[in-house]
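First comes the structure, then the notes that go with it.
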Amino acid sequence: MGALEDLKFKHCKDSSEEAPLPTDIDRQKSLEKNRSPDKGLLRCLIDALGDLIYIKDRDGVYRGCNKASENFVGLTEAEQIGKTDFDFFDEDMAEVIRKIDREVLASGREYHVEEWITRPDGRRVLLDSRKTPFYGPDGEVAGIVGISRDITERKQAEEALKEANRELEAFTYTVSHDLRTPLVPIIGYSDFLRENYRERLDEQALECLSEISKSGEKMLALMEDLLSLATVRKLDPPAEPVDAAEVANEVVSGLSGQLCLAGVEVEVGDLPALRVPKTLLVQVFDNLILNAIKYGCKRGDTIEVGGERRGERVTFYVRDHGPGIPVDERESIFDVFYRGITGQDKEGTGIGLATIQKIARLLGGRAWVEETPGGGSTFRVEMVDIPLSPPGK
Ligand code: ADP
């Protein structure tokens, strides 16, 4: 049996090492009696694990391994003990492994690496490995303990998912972009006929044209919202921090028509500056303020925009004092195409909040809604600021 279950770590005191009190013979006997079953149990546990576990000394010589490691290399533990990676893998591969092991030994720190390994049977696998130094009785680093997990399938699934997402985004982009083009003349011509041939058309024909135009407008809004959802993507951070209050005020100016019509005001408080792409911030404020006007305000109301920074995390909020969102809808309103109870009698696509959630996740945070004290909705969007690199980097 190998040395795996005998390993003693510098920081893990082994109770079996403690000298028994001379009078405490019973305790000593019980320790002796329990030692082997404990070791057997520990060995069972180590062998039952699906992860590869192995120990090597300072020279890279194997001192022990578990069952998963035996299967991986295709040799029993007894056959592996006394050998090095140069006996199992080709020279280049063994050299790479040895280099990492040497770094662990030299630094005395744990290393976490993903390494592509060609198994002795020729299969290429991606191992997620943690390599930790262990210490001898003299307190010096005596070798390394490695725990490696085969993550090849997980990685392949992640790549396939990424590819599927890319394809889906490209599809959504093409569909929404290409369908938008013929929609514009459909709406344009039906409006033209209604306005210029009003005298020559009967009531029913005019109604039909009005329906064509309304449905076209709805579809256009859907295409535009889908297009913004599909085009949210990771952009390079700006060189300098963006003044979020300035961005929010620009958005408010752009919405002055809607605000005036609704008789609503927006109060923009102190907002932290941060290094995230301005276009994404514009989308967040624009969507949330428009929603607040549409669903959360009556004449004379004020929408509040604020934000705070906690370390590298920045959270913005847009607060209204309207009907609020029922508790059971607070998560689903962020799903694509979900329209809430407050949106039943209003036009909309159910894509705006999904776009905001996508932006927040892209920026390392999330979006959620809370009840405003006293009633209403407070939408919060958290994002992680990208720190400026220190000069010279
Ligand atoms: P849309 O506005 O097109 O319906 P959104 O994703 O922006 O799509 O919003 C989803 C739903 O969330 C809306 O249909 C509405 O019911 C609800 N909602 C969003 N903002 C507010 C708000 N400020 N107050 C009340 N309800 C809101």
Side-chain angles (χ1 to χ4, degrees), residues 169 172 175-176 179-180 183 214-232 248 251-252 254-255 257-259 261-269 279-307 315-363 365-383:
E169 276 185 11
T172 315
V175 165
S176 41
L179 287 186
R180 201 174 165 276
L183 256 186
K214 256 199 259 165
S215 304
E217 293 286 359
K218 234 189 221 172
M219 210 160 152
L220 197 63
L222 188 67
M223 296 297 145
E224 265 157 18
D225 284 358
L226 272 176
L227 207 57
S228 14
L229 179 69
T231 48
V232 169
V251 168
V252 173
L255 296 175
Q258 283 101 315
L259 286 164
L261 216 62
V264 170
E265 285 196 356
V266 182
E267 233 175 57
V268 178
T279 48
L280 299 182
L281 272 189
V282 168
Q283 262 179 292
V284 168
F285 288 128
D286 193 63
N287 263 305
L288 290 181
I289 296 173
L290 262 175
N291 273 355
I293 300 172
K294 196 156 126 188
Y295 306 112
C297 285
K298 54 186 182 327
R299 249 170 205 289
D301 277 358
T302 301
I303 298 164
E304 294 140 48
V305 180
T315 308
F316 294 111
Y317 68 81
V318 173
R319 172 174 294 150
D320 66 54
H321 302 274
I325 315 271
V327 180
D328 61 347
E329 276 194 342
R330 287 186 194 161
E331 272 191 28
S332 23
I333 52 166
F334 289 92
D335 293 343
V336 189
F337 301 132
Y338 190 94
R339 307 225 51 231
I341 192 134
T342 49
Q344 303 277 284
D345 54 350
K346 309 228 164 64
E347 297 276 318
T349 60
I351 298 175
L353 291 176
T355 308
I356 288 177
Q357 188 64 275
K358 190 173 170 190
I359 293 174
R361 293 212 172 117
L362 207 66
L363 297 174
R366 65 188 181 104
W368 70 101
V369 64
E370 293 167 2
E371 187 168 322
T372 303
S377 315
T378 301
F379 281 87
R380 293 190 191 273
V381 183
E382 179 197 55
M383 46 192 79

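Along the sequence shown, the residues carry numbers beginning at 1. In this text the structure is predicted, and so the values were computed from the model without any measurement. Read the numbers this way: they start at 1 and go in the same order the structure lists the ligands and their atoms.
- Within a 6.0 Å radius of CD in Glu331, other residues, nucleotides and ligands contribute 12 heavy atoms or fewer.
- If you check which protein heavy atom lies closest to atom 12 (O) of ligand 1, you get Ile333 CG2, 3.5 Å.
- Atoms of ligand 1 lying under 4.0 Å from at least one heavy atom of Gly350, given by number and element, are 1 (P), 3 (O), 4 (O), 6 (O), 8 (O).
- At a heavy-atom cutoff of 4.0 Å, ligand 1 is contacted by no atom of Asp225, backbone or side chain.
- Remark: ligand 1 atoms within the under-4.0 Å shell around heavy atoms of Gly348 are 3 (O).
- Ligand 1 has no nitrogen or oxygen under 3.5 angstrom from a nitrogen or oxygen of Ile325.
- Ligand 1 does not have Gly322 within reach: every non-hydrogen atom of the residue lies 4.0 Å or more from it.
- Arg361 meets the side-chain hydrogen bond (donor to acceptor under 3.5 Å, both in side chains) test with no other residue; sequence neighbours excluded.
- Taking distance alone, with nitrogen or oxygen atoms compared against 3.5 Å, Leu353 approaches ligand 1 more closely than that limit.
- Contact annotation: Phe379 has at least one heavy atom less than 4.0 Å from an atom of ligand 1.
- Considering backbone and side-chain N/O of Gly324, none are found under 3.5 Å from N/O of ligand 1.
- Evaluated for a side-chain contact (heavy atoms from CB on, under 4.5 Å) with Ser377, the options Asp320, Val318, Ile333 yield exactly one hit, Asp320.
- The protein non-hydrogen atom at the shortest distance from atom 4 (O) of ligand 1 is Arg339 NE, 2.7 Å.
- Annotation: Glu224, atom CD; neighbour count of heavy atoms from other residues, nucleotides and ligands within 6.0 Å is above 12.
- The protein heavy-atom contact nearest to atom 7 (O) of ligand 1 is Asn291 ND2, 2.8 Å.
- To the nearest 0.5 Å, atom CD1 of residue Ile341 and atom CZ of residue Arg339 are 12.0 Å apart.
- When all heavy atoms of Lys358 and Glu169 are compared, the closest pair comes out as NZ-OE2, 3.1 Å.
- To the nearest 0.5 Å, the span separating CD1 on Ile325 from CZ on Phe379 amounts to 4.0 Å.
- Using a 4.0 angstrom heavy-atom cutoff, Pro323 does not count as in contact with ligand 1.
- Minimum heavy-atom separation, Phe334 to Leu353: CD2-O, 3.6 Å.
- Atom 23 (N) of ligand 1 has as its closest protein heavy atom Asp320 OD2, 2.8 Å.
- Nearest protein heavy-atom neighbour of atom 14 (O) of ligand 1: Gly340 N, 3.1 Å.
- Put simply, CG on Asp225 and CG on Leu222 are 7.0 Å apart, with the number rounded to the nearest 0.5 Å.
- Atom CD of Gln357 is separated from atom CG of Asp335 by 9.0 Å, given to the nearest 0.5 angstrom.
- From Thr342, atom OG1 reaches atom CG of Asn291 across 8.5 Å, with rounding to the nearest 0.5 Å.
- Closest to atom 26 (N) of ligand 1, if we only count protein heavy atoms, is Thr342 OG1, 2.7 Å.
- Among all non-hydrogen protein atoms, the one lying nearest atom 2 (O) of ligand 1 is Tyr295 OH, 2.5 Å.
- The distance from ligand 1 to the heavy atoms of Tyr338 drops below 4.0 Å at these ligand atoms: 10 (C).
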